[in-house]
Amino acid sequence: MIKIFYLEKKIKYKFINKKILILSLTHRSYSNIHNERLEFLGDSILNFIITKKIYKKFFNKKEGFMTRIRANLVNKNNLFKIAQKLELNKYILLGQGELKMLGQYKVSILANTLEAIIGAIFIDSKDIKIVENIIKKLFFNYKNNKKILNIKNNHKDYKTMLQEYLQKIKLPLPKYYISNKKGKEHQQIFTVKCKTKLFKQIIKGIGNSKKKAEQKSAKKILIKIGLIKKNKIHV
């Protein structure tokens, strides 16, 4: 219970029913009664509150622009970074198999647990305003998210730019696939190949996540066709 007290201090919410918080921290590898239903609820609530914030801030922008902002805020990597700030790895309940595989450091497990906690806060408080205030503190006080919400910094990412270019010239969308993956589960390096109808050559991108590797391969293609300069930053 002492550990839970420290987590409550970090998320700035004191649970009336501690069992709900414990359930939100319980991975399916630990028990048949686990946090997946809370994760489902938390995911929906998070998307709703983030969408509401974006709609108010960018009400005069197109849907595609707002969709990109939301995707940058609620993607698994961003949730993982916030979960790391909360040190959720110290509180997650995992089965022995997952512990041996260092599951407490996995992007998906940490991100999903954060969503489950959001769902748990809603169930415990029965007040969407309380959940909204906590999400604002967790998400909008985070330095990286402040940059995302700054309109001047919200350029299109490389994958979106490539996709829109191909659509404009009536070519099929690019295909991305993982050609290599190495390293431990929480420290993996991905090699992604990108295939387009622009040219026969298949372009590779390497990164510490599938998403980053895809972005790098798309960037290489954009440079190759002269759509961006080599040193230009869009993300």
Side-chain angles (χ1 to χ4, degrees), residues 43-44 46-47 50-51 53-55 57-58 60-84 105-112 115 139 142-235:
D43 174 61
S44 299
L46 179 63
N47 270 280
I50 295 289
T51 301
K53 170 80 172 177
I54 291 166
Y55 182 80
K57 185 172 176 64
F58 303 113
N60 60 340
K61 293 288 180 182
K62 290 183 179 179
E63 181 194 353
F65 175 87
M66 291 190 285
T67 300
R68 283 198 298 274
I69 303 294
R70 184 177 61 190
N72 286 334
L73 287 170
V74 299
N75 67 63
K76 291 294 181 189
N77 283 328
N78 198 41
L79 266 65
F80 170 66
K81 288 171 186 174
I82 293 167
Q84 281 183 310
Y105 300 108
K106 287 182 182 177
V107 172
S108 58
I109 290 177
L110 284 166
N112 293 344
E115 289 176 334
F139 280 76
Y142 177 39
K143 189 178 178 182
N144 185 57
N145 289 352
K146 284 181 179 179
K147 287 181 180 179
I148 291 169
L149 283 165
N150 181 348
I151 193 168
K152 290 177 183 177
N153 290 314
N154 271 303
H155 303 285
K156 294 175 188 176
D157 61 76
Y158 299 119
K159 280 181 69 179
T160 303
M161 288 177 70
L162 179 59
Q163 180 177 313
E164 289 179 355
Y165 174 73
L166 291 171
Q167 286 173 326
K168 189 177 178 180
I169 61 172
K170 311 294 185 192
L171 284 180
L173 296 180
K175 290 182 180 179
Y176 299 90
Y177 55 95
I178 298 170
S179 63
N180 192 27
K181 186 169 65 171
K182 60 183 179 181
K184 293 179 181 178
E185 188 68 34
H186 61 292
Q187 292 177 321
Q188 288 186 330
I189 300 296
F190 294 82
T191 301
V192 166
K193 289 183 177 179
C194 180
K195 190 175 182 180
T196 69
K197 291 284 184 181
L198 288 167
F199 31 73
K200 289 182 179 179
Q201 187 182 357
I202 294 172
I203 305 297
K204 289 182 184 178
I206 298 170
N208 58 9
S209 71
K210 179 175 172 281
K211 183 181 175 182
K212 285 181 181 177
E214 287 174 347
Q215 289 287 353
K216 285 184 179 180
S217 61
K219 181 184 177 182
K220 284 182 180 179
I221 292 172
L222 292 169
I223 291 168
K224 194 174 178 67
I225 61 178
L227 210 61
I228 62 170
K229 292 179 181 179
K230 202 165 186 177
N231 62 346
K232 197 166 185 180
I233 298 170
H234 284 265
V235 180

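No hydrogens, no waters, no symmetry mates; every other heavy atom, side chains included, goes into these values.
- A donor-acceptor contact shorter than 3.5 Å is absent between the side chain of Asn78 and the backbone of Asn75.
- Atom OG1 in Thr196 sits 6.5 Å away from atom CG in Leu162 (nearest 0.5 Å).
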Subject >> Stepwise side chain to side chain contact (heavy atoms under 4.5 Å, CB included) check, Ile202 with Cys194 >> reply: CA-CA 6 Å; Ile202 294 172; Cys194 180; 6.0 Å; no
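- Look at Lys76 and Glu115 and you find a salt bridge, because one of the NZ, NE, NH1 or NH2 atoms lies within 4.0 Å of a carboxylate O, short of that distance.
- Within the 4.5 Å cutoff, the side chain of Leu46 has heavy atoms near those of the Phe139 side chain.
- To the nearest 0.5 Å, the span separating OG1 on Thr51 from CE on Met66 amounts to 9.0 Å.
- Here Tyr176 contributes atom OH and Gln215 contributes atom CD; the two are 7.5 Å apart, rounded to the nearest 0.5 Å.
- Taken to the nearest 0.5 Å, the NZ atom of Lys182 stands 7.5 Å off from the CD1 atom of Ile189.
- Under the 6.0 Å distance and 45° angle rule, Lys224 counts as a cation-pi partner of Phe199.
- In this structure, the side chains of Tyr165 and Leu171 stay at 4.5 Å or more apart for every pair of heavy atoms.
- The shortest distance between side-chain heavy atoms of Ile69 and Phe58 falls below 4.5 Å.
- The two residues Lys212 and Gly207 make their nearest non-hydrogen contact at CB-CA, 4.4 Å.
- Inter-residue side-chain proximity for Leu79 and Asn112 is flagged as unmet; no heavy-atom pair is nearer than 4.5 Å.
- For the pair Glu214/Phe190, no side-chain contact is recorded, criterion being any heavy-atom separation below 4.5 Å from C-beta on.
- Side chains of Gln188 and Lys210: no donor on one and acceptor on the other come within 3.5 Å.
- Annotation: Lys195, atom NZ; neighbour count of heavy atoms from other residues, nucleotides and ligands within 6.0 Å does not exceed 12.
- Checking side-chain atoms of Asn47 against main-chain N and O of Asp43 turns up a donor-acceptor pair under 3.5 Å.
- Atom NZ of Lys211 and atom NZ of Lys216 lie 13.5 Å apart (nearest 0.5 Å).
- For the pair Asn77/Ser209, a side-chain contact is recorded, criterion being any heavy-atom separation below 4.5 Å from C-beta on.
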Subject >> Worked verdict on Thr67 versus Ile54 for side chain to side chain contact (heavy atoms under 4.5 Å, CB included) >> reply: CA-CA 9 Å; Thr67 300; Ile54 291 166; over 6 Å; no
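- Note that CG of Leu110 and CZ of Phe80 are 5.5 Å apart. Values are rounded to the nearest 0.5 Å.
- Contact check for Thr191 versus Lys181: no side-chain heavy atoms found under the 4.5 Å cut-off.
- Counting heavy atoms from C-beta outward, Val192 and Ile206 have side chains that stay 4.5 Å or more apart.
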